[in-house]
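One structure is given below, encoded as structure tokens.
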Amino acid sequence: MTIEIRVPTLGESVTEATVATWFKAPGDPVAQDEMLCELETDKVTVEVPSPTAGIFGEIFAREGTTVGVNAHLANVNEGAVNEKPNRPTGVAKPTSVESSTVDVLVPTLGESVTEATVVTWFKALGDPVAQDEILCELETDKVSVEVPAPSSGIISEIMATEGTTIQANAKLAMISGSAASNSAQSAPVFKNISDAPAAKKAMAEANISRDQVKGSGRDGRIMKEDVTKAVSSASKLERQPAAAKPRPPVPADDAYREERVKMTRLRQTIARRLKDSQNTAAMLTTYNEVDMTEIMALRKEYKELFLKKHGVKLGFMSFFTKACCHALNEVPEVNAEIDGNDIIFKNFVHMGIAAGTPTGLVVPVIRDVESMSFATIEKTISEKGARARDGKLSMAEMQGGTFTISNGGIYGSLMSSPILNPPQSGILGMHKIQDRPMAINGQVLIRPMMYLALSYDHRIVDGKGAVTFLVRVKDALEDPRRLLMDL
């Protein structure tokens, strides 16, 4: 029996990975749970084990290929005889080998695309097909997608007719019969396939001729996205934005002393997500300041006893985390998120604690933090921070956060506007503690002060709610007894 090897779940907001290394070649024997390949995402490296023992079969995604979640990577033939072929990794099995019934699945549609519509079937039930022959065309809200035959055979069943909307990775059809028995009558017919219907419609709407578009489909076949690119290119020639212009030449003496380094995938993702956050959310920041006198006195009085009993230092983060939980309880929209036209309120707090690492910023998440003690919070933050710096955090530990705290004060930041971590609606920025003269009861006193910044999504959080949240955090920190009495 043929077992399909697919890309596993990569974690929240991670939709694609790159095939880094194949450890097996077609024909190699594999044991159950033996590592077949390694995938790289912008955050972690993922190993893909074999779900069964057998003989390694066909590879569908070669090294260096970018694949989406659940994409078909390879096959393992369970209980097959080991007849290792002499061919390089990633080359398909010869068509003379008999194959079992093969499913035709919706291919990877792209980031954030979850469904498509079947536009045209080029084959009918009972028709012979050759491997890689185009079977049908799908259309999404972004691109048109050709679906090739994964093997030679006969179309034995069609599950999704023209006009049907299907989900990503849904089954479209089934191919049965052996490749050898059908190869003679299944010669490719790519040259007889006209341009995609969606492309013809798009060219007519854009009033452009076929010779103005370069086809990317089989045998130069024009797809809908080719028309979109042609229209976009024509528009850019008229008005190319400054940001798209290449870097101007620099003096030779300067160029000699420069160093060009390719951005890591993590850095690229950080840049993209932060910019997406600015483009998507109606982000606004409100500020306040907190007198840290009481908390600093409390830490000084109990830090040795706390360390002796719990084996961890009493830091500021547990106080801020507790204060935020109390404030989120009163202003729940700061702990909510937007989903289409709905608002999802969370009756729990999964707190993201931003941590700097040698490769970039990561945000480990402490789940159900509202029910934790000061000691548990401090231990969890310490443990996750150490694992983040060592690059040992799993994807599960960085997903599902509902609110985030970012402490720029440890680097000396006096004031900043933190950027939201989508789909969250709020993030609290902590800053440097600095002695400042304050007017207190008619007297000027020197107090350790910290600026607080709350960035929030104005689409869901009103100004009153944001200010109330920050005032509640300030009140709880300036009088820590309120945290113990849930006030």
Is there a donor-acceptor contact under 3.5 Å from the side chain of D28 to the main chain of A25? yes
Could you report the tightest heavy-atom contact between V104 and P150, atom names first, then the distance? CG2-CD, 3.9 Å
Would Q424 and T404 count as a side-chain hydrogen bond (donor to acceptor under 3.5 Å, both in side chains) here? Give the steps. CA-CA 8 Å; Q424 297 172 26; T404 296; 2.7 Å; yes
S151 versus V102, closest heavy-atom pair with distance: OG-CG2, 3.5 Å
With rounding to the nearest 0.5 Å, note down the distance linking CG in N407 to CE in M317. 6.0 Å
Between K308 and E304, is there a salt bridge with N-O shorter than 4.0 Å? no
Is the ring centre of F60 less than 6.0 Å from the ring centre of H72? yes
Is it true that K313 and E378 have a side-chain N and a carboxylate O under 4.0 angstrom from each other? no
Decide yes or no for V106 and V147: does some side-chain heavy atom of the first lie under 4.5 Å from some side-chain heavy atom of the second? no
Search all heavy atoms of V331 against all heavy atoms of G465 and return the closest pair with its distance. CG1-O, 3.5 Å
Using a strict 4.0 Å threshold on nitrogen-to-oxygen distance, state whether K474 and E478 make a salt bridge. yes
S50/E34 under side-chain hydrogen bond (donor to acceptor under 3.5 Å, both in side chains): CA gap, chis, key distance, verdict: CA-CA 5 Å; S50 175; E34 185 175 3; over 6 Å; no
Do the side chain of R472 and the main chain of A327 share a donor and acceptor less than 3.5 angstrom apart? no
Begin from the C-alpha positions of W22 and L36 and carry the test side-chain contact (heavy atoms from CB on, under 4.5 Å) through to its verdict. CA-CA 6 Å; W22 278 106; L36 301 178; 4.2 Å; yes
Rounded distance [0.5 Å steps], NE2 in H431 versus OG in S416: 3.0 Å
Begin with the C-alpha distance, continue with both residues' side-chain angles, and end with the deciding distance and a verdict on side-chain contact (heavy atoms from CB on, under 4.5 Å) for L73 and V7. CA-CA 7 Å; L73 294 170; V7 176; 3.7 Å; yes
Side chains of P448 and I433 in contact at under 4.5 Å (non-hydrogen atoms): yes
Among T101, N77, D103, whose side-chain hydrogen bond (donor to acceptor under 3.5 Å, both in side chains) with T2 holds? N77
Applying ring pair (Phe, Tyr, Trp, His ring centres under 6.0 Å), name anything that partners F403, two or more places apart in sequence or on another chain. F469
State, to 0.1 Å, how close Q399 and R367 come at their nearest heavy-atom pair, and which atoms those are. O-NH1, 3.2 Å
Do the side chains of K379 and H310 get nearer than 4.5 Å, heavy atoms only? yes
Side-chain contact, heavy-atom cut-off 4.5 Å: T165 with E115? yes
Just list the side-chain donor-acceptor pairs under 3.5 Å for residues 283-298, sequence neighbours left out, or say none.
from : atom 1 : to   : atom 2 : distance (Å)
T285 : OG1    : S455 : OG     : 2.8
Y287 : OH     : S417 : OG     : 2.3
E289 : OE1    : R436 : NH2    : 2.6
D291 : OD1    : T293 : N      : 3.0
D291 : OD1    : T293 : OG1    : 2.5
D291 : OD2    : R447 : NH1    : 2.8

Within the structure provided, determine whether E258 and V250 are in side-chain contact (heavy-atom separation under 4.5 Å). yes
State, yes or no, whether a side-chain contact exists between M398 and V365 at a heavy-atom distance under 4.5 Å. no
Salt bridge between R481 and D479, side-chain N to carboxylate O under 4.0 Å? yes
I would like to know whether L39 and V19 meet side-chain contact (heavy atoms from CB on, under 4.5 Å); could you show each step before the answer? CA-CA 5 Å; L39 310 177; V19 180; 3.9 Å; yes
Ion pair present between E337 and K346, side-chain N to carboxylate O less than 4.0 angstrom? yes
Mind running side-chain contact (heavy atoms from CB on, under 4.5 Å) on D368 and S371 for me, showing each step along the way? CA-CA 6 Å; D368 299 313; S371 62; 4.1 Å; yes
S373 and T376 side chains, donor-acceptor separation under 3.5 Å: yes
Nearest-0.5 Å distance, CD1 of residue I405 to OG1 of residue T321: 4.0 Å
Any idea which heavy atoms bring L420 and S425 closest together, and the distance? CD2-C, 3.6 Å
Below 30° counts as parallel, above 60° as perpendicular, anything between as tilted: where do the rings of H350 and F348 land? tilted
Among D457, D462, V461, which one satisfies side-chain contact (heavy atoms from CB on, under 4.5 Å) with R459? D457
Between V118 and I166, is any pair of side-chain heavy atoms under 4.5 Å apart? yes
For E370 and K322, run salt bridge (charged side-chain N to carboxylate O under 4.0 Å, His left out): C-alpha distance rounded to whole Å, both residues' side-chain angles, the deciding distance at 0.1 Å, then the answer. CA-CA 7 Å; E370 77 280 3; K322 280 287 189 182; over 6 Å; no
Distance (rounded to the nearest 0.5 Å) between L477 CG and M430 CE: 8.5 Å
Distance col, row M449:CE vs L452:CG, nearest 0.5 angstrom, shows 9.0 Å
Kindly give the heavy-atom pair with the smallest separation between L454 and Y456, and that separation in Å. O-CD2, 3.6 Å
Can you check whether P8 reaches V46 side chain to side chain, under 4.5 Å on heavy atoms? yes
Out of curiosity, S318 OG to I381 CD1, how far, rounded to the nearest 0.5 Å? 7.0 Å
